[in-house]
Amino acid sequence: MVRLAIDCMGGDHGPSITLPACQSFLAKHPQAELLLVGLPEALAEAAQWPRCRIVPASEVVAMDDPVEVALRRKKDSSMRVAINQLKSADGGLPQADVCVSAGNTGALMAVSRYLLKTLDGIDRPAIASVMPNQLGGYTTMLDLGANVDCSAEHLLQFALMGSALVTAVDGKPEPRVGLLNIGEEVIKGSETIKRAGELLRASAAAGQLNFYGNVEGNDIFKGTVDLVVCDGFVGNVALKTAEGLATMIITIIREEFGRSWLSKAAAALAMPVLKRFKGRVDHRRFNGAALLGLRGLVFKSHGSADAFAFETALNRAYDAARNRLLDRVHDRIIATLQAAPGPDADVVGSGAGDSGDKAASVAQAA
């Protein structure tokens, strides 16, 4: 059995979306159990569901709450209680294998990092998710917003963690890794990107990664590689740009087909094709981002997700837990640390304690 802890109060819609998604998920996954975390009165309808248990929480982290509020003031929030289910109690096993929340991203990252801590050899957790490509599959990408400024060593860590994610969830033993850059040539890019390329090539030579080389933005959608690595600033811009472009294309097509009776007739004939097209670019099918690098599995859903999208996030979290993603990330990091020679043996964790981001400082203060 795989047990999921669900922050049912998180997101823009709360239980009106999370509960129907959980009910549908349970019907399709007989090997899953759910811990539904939230205000008991809001979750009353799920009290008699099979393979479910309600875990009470008295507070809710709002989507616009500052990180400080989530960490210091709302210590019995549904988000925090759900994440706490991943921690061992009195030396025993954790209550849950993975946590899913649609809540405030900054708060979720900060609370997760404070409660769970990072894996040995990892300086900063990263957010990883998938984007559709023209091959009919998808390309995994990280970081998508957790770390605005990254060193070359951080990008190497992201590559190692992302490779483990693709292997665990997609079953690809040697996923191709690309470093996002402004050109394929090794001489292009910032000094950080050039240094990251050197580290990734060295890791590939040591048999730790299947590094393809530099890739450009269009390669994300070509499916050139299985995993694209970048810093959080670039990754978040790319993600939001892609989502906006997909929405614009669908809107324009709808407008053009509705301009006249003739175009409406053409739309009726083309409807099967249009439905398939919409399905291929529908961002709801790719919902569910992993917070990699923590001592526990945490997945983030879009705050605006509907029931279909939230269920997609549950599916991804379930697959990650079932395929031992946490162990795979840990094993890959340890293997890299052990393989690093002499004075460079700390290259993977060379930035430890130097993240300097707001979430970390607030967590330490709390």
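Since this is a predicted model, take the numbers as computed values, not measurements. Side-chain atoms are counted along with the backbone in the values below, which use heavy atoms only and exclude waters and symmetry mates.
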Apart from Trp261 itself, what residues make up its hydrophobic cluster, given side-chain heavy atom links below 4.5 Å? Leu262

Residue pairs fulfilling salt bridge (charged side-chain N to carboxylate O under 4.0 Å, His left out) with at least one residue in residues 256-272, sequence neighbours excluded: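 Counting only pairs at least two positions apart or across chains, the salt bridge (charged side-chain N to carboxylate O under 4.0 Å, His left out) contacts touching residues 256-272 are Glu256-Arg259.
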
Can you find a heavy atom in the side chain of [X] that is under 4.5 Å from one in the side chain of [Y]?
{"X": "Val186", "Y": "Lys194", "value": "no"}
{"X": "Phe277", "Y": "Ile253", "value": "yes"}
{"X": "Leu314", "Y": "Cys22", "value": "yes"}
{"X": "Leu291", "Y": "Lys300", "value": "yes"}
{"X": "Thr140", "Y": "Leu165", "value": "yes"}
{"X": "Leu116", "Y": "Lys87", "value": "yes"}
{"X": "Met271", "Y": "Phe257", "value": "no"}
{"X": "Ile127", "Y": "Leu292", "value": "no"}

Polar side chain donor-acceptor pair, Arg53 to Gln95, under 3.5 angstrom: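 Yes.
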
Between the side chains of Ser304 and Asp12, does any donor sit under 3.5 Å from an acceptor?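 Short answer, no.
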
Should the pair [X]-[Y] be classified as a salt bridge under the 4.0 Å nitrogen-to-oxygen rule?
{"X": "Asp120", "Y": "Arg295", "value": "yes"}
{"X": "Asp319", "Y": "Arg322", "value": "yes"}
{"X": "Lys172", "Y": "Asp170", "value": "no"}
{"X": "Glu33", "Y": "Arg3", "value": "yes"}

[X] [atom1]: over 12 foreign heavy atoms closer than 6.0 Å:
{"X": "Arg51", "atom1": "CZ", "answer": "yes"}
{"X": "Asp149", "atom1": "CG", "answer": "no"}
{"X": "Leu269", "atom1": "CG", "answer": "yes"}
{"X": "Gln48", "atom1": "CD", "answer": "no"}

Indicate, with yes or no, if Phe286 and Leu144 share a hydrophobic cluster defined by side-chain heavy-atom contacts under 4.5 Å among Ile, Leu, Val, Met, Phe, Trp and Tyr.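 Different clusters: Leu144 never reaches Phe286 through Ile, Leu, Val, Met, Phe, Trp or Tyr contacts under 4.5 Å.
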
Considering only residues two or more places apart or on different chains, which pairs with a residue in residues 202-244 satisfy ring-ring contact (aromatic ring centres under 6.0 Å, His included)? none

With sequence neighbours left out, write down each residue that passes side-chain contact (heavy atoms from CB on, under 4.5 Å) with [X], or none if nothing qualifies.
{"X": "Val60", "result": "Met9, Leu39"}
{"X": "Asp64", "result": "Ala62"}
{"X": "Ala321", "result": "Val2, Asp97, Val98, Leu297"}
{"X": "Glu59", "result": "Lys74, Asp76, Ser77"}

Taking His13's backbone N and O only, do any of them form a donor-acceptor pair with Ser16's side chain (distance below 3.5 Å, no angle check)?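 Confirmed, Ser16 side chain pairs with His13 backbone.
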
Would the distance check show the side chain of Thr118 and the main-chain N or O of Ile122 forming a donor-acceptor pair, the cut-off being under 3.5 Å?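 The answer is yes, because a donor-acceptor pair under 3.5 Å joins these two groups.
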
For the residue pair [X] and [Y], what are the closest heavy atoms and their distance?
{"X": "Val55", "Y": "Gln85", "result": "CG1-NE2, 4.0 Å"}
{"X": "Leu142", "Y": "Gly162", "result": "CD2-CA, 4.2 Å"}
{"X": "Gly232", "Y": "Cys150", "result": "N-SG, 4.3 Å"}
{"X": "Ala146", "Y": "Ala126", "result": "CB-CA, 4.3 Å"}

Side-chain donor/acceptor pairs under 3.5 Å, residues 239-247, sequence neighbours excluded:
residue: Thr241; atom: OG1; partner: Val237; partner atom: O; Å: 2.6
residue: Glu243; atom: OE2; partner: His302; partner atom: NE2; Å: 3.1
residue: Thr247; atom: OG1; partner: Glu243; partner atom: O; Å: 3.0

His29: which residues meet the ring-ring contact (aromatic ring centres under 6.0 Å, His included) condition with it, sequence neighbours left out?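 ring-ring contact (aromatic ring centres under 6.0 Å, His included) check on His29 returns Phe25, Tyr318.
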
Lys28 and Glu311: CA distance, side-chain angles, deciding distance, salt bridge (Lys or Arg N to Asp or Glu O under 4.0 Å) verdict: CA-CA 11 Å; Lys28 300 170 185 174; Glu311 185 181 349; 2.9 Å; yes

Checking side-chain contact (heavy atoms from CB on, under 4.5 Å) against Val130, which of Met141, Arg285, Arg316 comes through? Arg316

Solution key, residues 173-181 side-chain donor-acceptor pairs under 3.5 Å, sequence neighbours excluded:
residue: Arg176; atom: NE; partner: Asp226; partner atom: OD2; Å: 3.4
residue: Arg176; atom: NH1; partner: Thr224; partner atom: O; Å: 2.9
residue: Asn181; atom: ND2; partner: Lys188; partner atom: O; Å: 3.0

Kindly list each side-chain donor-acceptor pair under 3.5 angstrom involving residues 100-111, sequence neighbours excluded, with atom names and distances?
residue: Ser101; atom: OG; partner: Asp7; partner atom: OD2; Å: 2.8
residue: Ser101; atom: OG; partner: Gly103; partner atom: N; Å: 3.0
residue: Asn104; atom: OD1; partner: Gly106; partner atom: N; Å: 3.0
residue: Asn104; atom: OD1; partner: Ala107; partner atom: N; Å: 3.1
residue: Asn104; atom: ND2; partner: Met63; partner atom: O; Å: 3.0
residue: Asn104; atom: ND2; partner: Asp65; partner atom: O; Å: 2.9

My understanding is that only residues two or more places apart in sequence, or in another chain, count here; which of them pass salt bridge (Lys or Arg N to Asp or Glu O under 4.0 Å) with Glu45?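 Residues passing salt bridge (Lys or Arg N to Asp or Glu O under 4.0 Å) with Glu45: none at all.
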
